[in-house]
**Q** 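Below are the C-alpha cells for one structure; questions will follow.
Starting from 1, each residue takes its place in the sequence as its number. All of these numbers come straight from a predicted model, not from anything done at the bench.
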Amino acid sequence: MLIATGLIKSYGGRRALNGFDLTVRPGEIVGLVGHNGAGKTTFVEVVTGLVRPDAGQVTVAGVDALRHRNAARRLVGVAPQDQALYLPATVREHLRLFGSLAGLRARTLRAAIDATADELQLTDVLERPVGQLSGGQKRRTQAACALLPTPAVLLLDEPTVGADPSTRHALLAAVLARAEAGAAVVYTTHYLPELAELDATLAVADAGRVIARGRQADLLAGLPSEVRVGFVDGGPPLHVTTFDPAATLAGVLATGCQPDSVDIRRPGLDDLYQSIEHAQELTSDAA
C-alpha cells in the first residue's frame, strides 16, 4: 500500500505540492491525471526519495519512506517519463543492475530477468546495447527495470508516450499482471482510454493537490456528450450537446433526414477539469 498525506514542496515562491494526499491499496491501479504543473511528477520524485518534501508523510508498504529512504526504495519500482538508460549497456545488464538493487540474487535474479524479458518482448534483444534499440524497445526496457523486482509499489510516469501498438499492449498487460499480484500502481497519463483498459480509479491533481478521486465512470457521470451529424444534401452540420446521445441521435434520424456522417464525442479529461474548476469557482463565490 502507498499512503501520502499532507505533502508540501515549494521551489522558490511556487508550491509544486500543496497538501497532496493519495492512498493506493494493494492491487489497485490509480490513474494520476492533471494538467502539466499539477504536481504529478513531483509526487513521484517524493515517493522515490529523489526529492524531500517540506512537510507531509509517505508510507510504502508500512515503511516510513521519508525516514527510511533506502528501505522504501527497495519496495518501489519506477519508470520515469524521460528515458533514464545507459546506452552502451545491454538490456540484460540493465535488468541485472536494477534487480540487484532490489535485492535479487543468483538464480532468482536470472529467472526474473528471463520472465520479464519474455513478458515485455525483449528476449531477442537481451544482449544488445540499449543505444542500438528502437524507441519502443527502449520504452519496454525502461519499464522492465521497474517491473522486474515485482515491487510493492509501482510508479509509471507516462510509460506509453511515443510507444507503438505492440509496446503499448505489452506494457498494459504487464501493469495489469503486477496489480493482480498485489502491487499498488500509480499510472500517470493524459489518455483516459488507457486507464479504462486498466480498470483504473482516477486521482485528479491540480495546483499541487488531489481535487477529485473515484471511478472514471462516476467522475464523468453527469457530464454531457456532443452529437455531430453531417447531411447528404450538404446542409449545415448539426452539433447538439446532450446527456443522452443515443436518444438525441434517434430523434434526429426520426425526422427522415439523410445523414452522411455521425460522430458522438464522449466527455473526457478536459471536460472533467472544466467541471471541477467550475464547481470550485462556484464554491469560492458562495464563500
**Q** Taking R73 for the side chain and T48 for the main chain, is one N or O donor matched with an acceptor at less than 3.5 Å?
**A**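 Yes, R73 side chain to T48 backbone: donor-acceptor pair under 3.5 Å.
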**Q** Going from CZ on R140 to CD on E119, what distance comes out if it is rounded to the nearest 0.5 angstrom?
**A**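 Answer rounded to 0.5 Å: 12.0 Å.
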**Q** Indicate yes or no: at least one non-hydrogen side-chain atom of D64 is less than 4.5 angstrom from one of Q57.
**A**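 No, their side chains stay 4.5 Å or more apart.
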**Q** Could you give the distance from NE2 (H190) to NZ (K40), rounded to the nearest 0.5 Å?
**A**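 Going from the NE2 atom of H190 to the NZ atom of K40 covers 4.5 Å.
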**Q** Should E93 and Y86 be marked as a side-chain hydrogen bond (donor to acceptor under 3.5 Å, both in side chains) after you check the CA-CA gap, both sets of side-chain angles, and the distance that decides it?
**A** CA-CA 10 Å; E93 288 168 339; Y86 306 97; over 6 Å; no
**Q** Could you tell me the separation between the OG1 atom of T242 and the CD1 atom of I264, rounded to the nearest 0.5 Å?
**A**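 It comes to 9.5 Å.
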**Q** Return yes if some donor-acceptor pair links the side-chain N/O of R15 with the main-chain N/O of I8 below 3.5 Å, else return no.
**A**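 No, R15 side chain to I8 backbone: no donor-acceptor pair under 3.5 Å.
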**Q** Is there a side-chain contact between L249 and V229 (heavy atoms, below 4.5 Å)?
**A**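 Heavy-atom side-chain distance check passes, below 4.5 Å.
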**Q** Measure the shortest side-chain to side-chain distance between V210 and F43 over non-hydrogen atoms and say whether it is less than 4.5 angstrom.
**A**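 When only atoms from C-beta onward are counted, F43 and V210 do not touch, as no gap falls below 4.5 Å.
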**Q** Without swapping roles, check the side chain of Q137 against the backbone of S134 for a donor-acceptor pair under 3.5 Å.
**A**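 Checked: pair present.
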**Q** Exactly one of T23, V30, L202, D21 should register a side chain to side chain contact (heavy atoms under 4.5 Å, CB included) with R213. Which one does?
**A**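 Result for side chain to side chain contact (heavy atoms under 4.5 Å, CB included) with R213: V30.
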**Q** Counting only heavy atoms not in H239 (residues, nucleotides, ligands), do more than 12 fall under 6.0 Å from its NE2?
**A**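 Yes, NE2 of H239 has more than 12 neighbouring heavy atoms, counting only those of other groups under 6.0 Å.
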**Q** Assess whether atom CD of E127 is packed by more than 12 heavy atoms of other residues, nucleotides or ligands within 6.0 Å.
**A**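 Result for CD/E127: enclosed.
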**Q** Could you report the tightest heavy-atom contact between L109 and L95, atom names first, then the distance?
**A**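 Shortest heavy-atom contact: CD1-O, 4.2 Å.
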**Q** So, taking the atom named CG in L171 and the one named CG in L156, what distance separates them when rounded to the nearest 0.5 Å?
**A**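 Here the interatomic distance stands at 8.0 Å.
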**Q** Treating Q142 as the side-chain partner and A84 as the backbone partner, does any N or O pair qualify as donor plus acceptor under 3.5 Å?
**A**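 Yes, because the side chain of Q142 sits within donor-acceptor range (under 3.5 Å) of the backbone of A84.
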**Q** Is there a path of hydrophobic side-chain contacts, each under 4.5 Å between heavy atoms of I, L, V, M, F, W or Y residues, that connects V44 with L75?
**A**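 Both belong to a single hydrophobic cluster.
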**Q** Return the CZ to CG distance between R139 and L120, rounded to the nearest 0.5 Å.
**A**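 Those atoms lie 12.5 Å apart.
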**Q** Considering residues, nucleotides and ligands other than R265, do more than 12 of their heavy atoms fall under 6.0 Å from its CZ?
**A**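 Result for CZ/R265: enclosed.
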**Q** Among T189, I29, T201, find the one that has a side chain to side chain contact (heavy atoms under 4.5 Å, CB included) with L195.
**A**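 It is T189, the one option of T189, I29, T201 that forms the side chain to side chain contact (heavy atoms under 4.5 Å, CB included) with L195.
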**Q** Is R266 atom CZ crowded by more than 12 heavy atoms from other residues, nucleotides or ligands, each under 6.0 Å away?
**A**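 No - once you tally the heavy atoms of other residues, nucleotides and ligands closer than 6.0 Å, there are 12 at most.
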**Q** Answer yes if the side chains of T41 and Q81 hold a donor-acceptor pair under 3.5 Å, and no otherwise.
**A**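 No, no side-chain donor-acceptor pair sits under 3.5 Å.
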**Q** Please report the closest heavy-atom contact between R69 and G49, naming both atoms and the distance.
**A**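 Shortest heavy-atom contact: NH1-O, 3.5 Å.
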**Q** With rounding to the nearest 0.5 angstrom, report the CD to CG distance, Q216 to D218.
**A**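 CG of D218 is found 10.0 Å from CD of Q216.
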